[in-house]
A.B. asks: 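Below: one structure in structure tokens.
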Amino acid sequence: MNDSDIALRLSAWWEAHARDLPWRFGRATPWGVLVSEVMSQQTQMSRVVPYWQEWMNRWPDARALAAAPKAEVITAWGRLGYPRRALRLQECARVVSEEYSDELPHTYDALIALPGIGDYTASAVLSFAFGQRVAVIDTNIRRVLSRVFTGVESRGGSASPAERALANRMLPESVKRSVTWNQSVMELGAVICTAKSPLCDICPIASGCAFLKADRPGLGERRTRPRQRFQGTDRQVRGLVLAALRELPAHETLARKNVASIWKDQVQLDACIASLDDDGLVEMLPDGSLRLPH
DNA sequence: TTCCAGCTAC
DNA sequence: GTAGCGGGAA
């Protein structure tokens, strides 16, 4: 199977099996696509769908999100994780509505300059929302291209120059095909060519895969840096603090004694509250009570 | 345990 | 280059 065959098979597989996500198939505005990408950073799409529906229903465009109270934005982010993304998305909305007349810019340089938008998200918006020919490089595409064309697992950390070169080399010349390529390679990585248990039996390009041909060397070995434990970490404590604040009726504050009961270790708790305050996710009042920012 | 459509600050 | 950042699911 040559490169062209692989692209054709993937394209056919995409047509038949693409998940019916609500921001796909031209049903979302460019802003809606961007929101879906930000919500999907380090987060499974299946978890994103209900949040995205609710979010876009409430704030259909950048202008609407820019005008929303911070507390509502943080609350609406719910349990998606990495709540700083919510604040950055709102900052992004502010820039887009004020500097770009509520229309997302169409260039990589302008997109990547927006808060919370990095290389992946900028490229994804250009390809998926604007139909431009750009190599999209995320964890799925890195894994799939590396396996299929190099026969080895991609490594953790940021994409290497070799991986970027590979992604650019394999990107079809045709603008339209390049978009389908990005979509289908990423989708294959998400549902077939997964990290730990790839379903090679039902993979449409198994017969052209160097990784399978080599008997899947190194499958299951740890490729990323060891994860920080969650129990007892600042991340858990920050999550507990925010969860407590989200439960409050709008505009209410959490009294100091209730704040203290969130976590046993008061030193760690205070440090976490300070970092949340730094991030702009909470506000500390002089009397020691706490609330979501306005 | 690892991984998940990453970004940012250091 | 890498630590820190949530929370859920396999």
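Letters A, B, ... are given to chains in the order of the sequence lines, protein chains preceding strands, and every chain is numbered from 1.
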A.B. asks: What does A/D119 touch in the nucleic acid at a heavy-atom separation under 4.0 angstrom: a base, only the sugar-phosphate, or nothing?
C.D. replies: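 The residue A/D119 makes sugar-phosphate contact but no base contact.
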A.B. asks: Supply the members, apart from A/L219, of the Ile/Leu/Val/Met/Phe/Trp/Tyr cluster built from side-chain contacts under 4.5 Å; use none for a lone residue.
C.D. replies: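 Answer for A/L219: A/F211.
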A.B. asks: Tell me, do A/V73 and A/W59 make a side-chain contact under 4.5 Å, heavy atoms counted?
C.D. replies: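 Side-chain contact under 4.5 Å: yes.
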A.B. asks: Report the residue (A/S197 or A/S158) whose heavy-atom-nearest nucleotide on DNA chain C is the more 5′ of the two.
C.D. replies: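 Here A/S158 is the residue nearer the 5' end.
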A.B. asks: So A/S275, base contact, sugar-phosphate only, or nothing? Heavy-atom distance under 4.0 Å.
C.D. replies: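 Nothing, no nucleic acid heavy atom in range.
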A.B. asks: Whole Å only: how far is the CZ atom of A/F230 from the C1' atom of C/dC5?
C.D. replies: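 Distance check: A/F230 CZ to C/dC5 C1' gives 10 Å.
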A.B. asks: So if I take residues 164-182 of chain A and measure heavy-atom distances to DNA chain B, which residues fall below 4.0 Å?
C.D. replies: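 Contacting residues: none.
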A.B. asks: Below 3.5 Å, can you tabulate the donor-acceptor pairs from side chains in residues 171-179 of chain A to any protein atom, sequence neighbours excluded?
C.D. replies:
residue	atom	partner	partner atom	Å
A/S174	OG	A/K176	N	3.4
A/S174	OG	A/R177	N	3.1
A/S178	OG	A/V175	O	2.6

A.B. asks: Choosing from C/dG6, C/dG8, B/dG6, which nucleotide comes nearest the side chain of A/P83?
C.D. replies: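 Closest nucleotide among those given: C/dG6.
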A.B. asks: Specify the residue among A/T194 and A/A122 whose closest nucleotide of DNA chain B lies further upstream toward the 5′ end.
C.D. replies: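 In this pair, the answer is A/T194.
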A.B. asks: What pairs of donor and acceptor atoms, side-chain ones from residues 192-209 of chain A against any protein atom, are under 3.5 angstrom apart with sequence neighbours left out?
C.D. replies:
residue	atom	partner	partner atom	Å
A/T194	OG1	A/S197	O	3.0

A.B. asks: Can you tell which of B/dA5, C/dG7, C/dG6 lies closest to the side chain of A/R246?
C.D. replies: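 Minimum distance to the A/R246 side chain belongs to C/dG7.
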A.B. asks: Tell me, which of residues 44-72 of chain A have any heavy atom that sits under 4.0 Å from an atom in DNA chain B?
C.D. replies: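 The answer is A/Q44, A/M45.
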A.B. asks: With sequence neighbours excluded, tell me which residues meet side chain to side chain donor-acceptor pair (under 3.5 Å) with A/R164.
C.D. replies: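 Partners of A/R164 by the side chain to side chain donor-acceptor pair (under 3.5 Å) criterion, ordered by chain and then number, come out as A/D119.
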A.B. asks: Looking only at side-chain N and O atoms, does A/Q42 come under 4.0 Å of OP1 or OP2 in B/dC4?
C.D. replies: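 Checking B/dC4 against A/Q42, no side-chain N or O comes under 4.0 Å of OP1 or OP2.
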A.B. asks: Which whole-number value in Å describes the distance from A/L245 CG to C/dG6 P?
C.D. replies: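 One finds 13 Å between P of C/dG6 and CG of A/L245, rounded.
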A.B. asks: How about A/H294: does its NE2 atom have over 12 heavy atoms from other parts shown lying under 6.0 Å from it?
C.D. replies: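 Count over threshold, so yes.
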A.B. asks: State whether a side-chain donor-acceptor pair under 3.5 Å links A/Q41 with A/T121.
C.D. replies: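 Yes.
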A.B. asks: Let me know the distance between CE of A/M186 and P of B/dG6, rounded to the nearest Å.
C.D. replies: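 One finds 9 Å between P of B/dG6 and CE of A/M186, rounded.
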A.B. asks: Looking only at the side chain of A/R79 (C-beta and beyond, no hydrogens), which of the listed nucleotides B/dC4, B/dA5, C/dG7 gets closest?
C.D. replies: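 The closest nucleotide is C/dG7.
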A.B. asks: A/W77 CH2 to C/dG7 P: how many Å, rounded?
C.D. replies: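 One finds 12 Å between P of C/dG7 and CH2 of A/W77, rounded.
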A.B. asks: Among residues at least two apart in sequence or on other chains, which ones pass salt bridge (charged side-chain N to carboxylate O under 4.0 Å, His left out) with A/R169?
C.D. replies: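 Per chain and number, A/R169 pairs via salt bridge (charged side-chain N to carboxylate O under 4.0 Å, His left out) with no residue.
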A.B. asks: Hydrophobic cluster mates of A/I273, side-chain heavy atoms under 4.5 angstrom, ILVMFWY only, any path?
C.D. replies: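 Taking Ile, Leu, Val, Met, Phe, Trp and Tyr as members, A/I273 shares its hydrophobic cluster with A/I74, A/L87, A/V237, A/L240, A/V241, A/L242, A/L245, A/L248, A/L254, A/V259, A/I262, A/W263, A/L269, A/L276, A/L281, A/V282, A/M284, A/L290, A/L292.
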A.B. asks: More than 12 heavy atoms of other residues, nucleotides or ligands under 6.0 Å from CZ of A/R256: yes or no?
C.D. replies: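 At most 12 heavy atoms, drawn from other residues, nucleotides or ligands, come within 6.0 Å of this atom.
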A.B. asks: Which is true for A/R142 with a 4.0 Å heavy-atom rule: it touches a base, it touches only sugar-phosphate, or it touches nothing?
C.D. replies: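 It contacts nothing in the nucleic acid.
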A.B. asks: What's the CG-C1' distance between A/L80 and C/dA9, to the nearest Å?
C.D. replies: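 My rounded result for the distance is 14 Å.
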A.B. asks: Strictly below 4.0 Å: does A/T139 bring a side-chain N or O up to OP1 or OP2 of B/dC4?
C.D. replies: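 Affirmative; the distance criterion is met.
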A.B. asks: Can you sort out the partners of A/W14 under ring-ring contact (aromatic ring centres under 6.0 Å, His included), two or more places apart, ordered by chain and number?
C.D. replies: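 So A/W14 forms no ring-ring contact (aromatic ring centres under 6.0 Å, His included) with any residue.
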A.B. asks: Check whether the side chain of A/T43 and the base of C/dG6 form a donor-acceptor pair under 3.5 Å.
C.D. replies: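 Indeed there is one.
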A.B. asks: Grab the CG-C1' distance between A/L240 and C/dG8 for me, whole Å please.
C.D. replies: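 Rounded to the whole Å, the gap is 15 Å.
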A.B. asks: By ring-ring contact (aromatic ring centres under 6.0 Å, His included), which residues pair with A/F130, not counting sequence neighbours?
C.D. replies: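 Here the qualifying residues are A/H106.
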A.B. asks: From CG of A/L281 over to C1' of C/dC5, roughly how many Å is that when rounded to an integer?
C.D. replies: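 Whole-Å distance recorded here is 10 Å.
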A.B. asks: Quick one: is B/dC7 close enough that its OP1 or OP2 comes under 4.0 Å of any side-chain N or O from A/T121?
C.D. replies: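 So the side chain of A/T121 is within the cut-off, an N or O lying under 4.0 Å from OP1 or OP2 of B/dC7.
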A.B. asks: Taking salt bridge (charged side-chain N to carboxylate O under 4.0 Å, His left out) as the test, write out the residues that go with A/R246, two or more places apart.
C.D. replies: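 Once residues adjacent in sequence are excluded, A/R246 has no partner under the salt bridge (charged side-chain N to carboxylate O under 4.0 Å, His left out) criterion.
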A.B. asks: Under 3.5 Å, which N/O atoms of the protein pair with N/O atoms of nucleotides 8-10 of chain B?
C.D. replies:
residue	atom	partner	partner atom	Å
B/dT8	OP1	A/G116	N	2.8

A.B. asks: Please state how far atom CD in A/Q41 lies from atom P in B/dA5, giving the value in whole angstrom units.
C.D. replies: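 Distance check: A/Q41 CD to B/dA5 P gives 12 Å.
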A.B. asks: Need to verify one output field. Residue with the more 5' nearest nucleotide on DNA chain C, A/G81 or A/K196?
C.D. replies: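 That would be A/G81.
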A.B. asks: Could you measure between the two P atoms, the one in C/dC5 and the one in B/dA5, and give it in whole Å?
C.D. replies: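 22 Å, rounded to whole Å.
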A.B. asks: Rounding to the closest angstrom, what is the interatomic distance between B/dC3 and C/dA3 at atom P?
C.D. replies: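 Each nucleotide's P atom is 16 Å from the other's.
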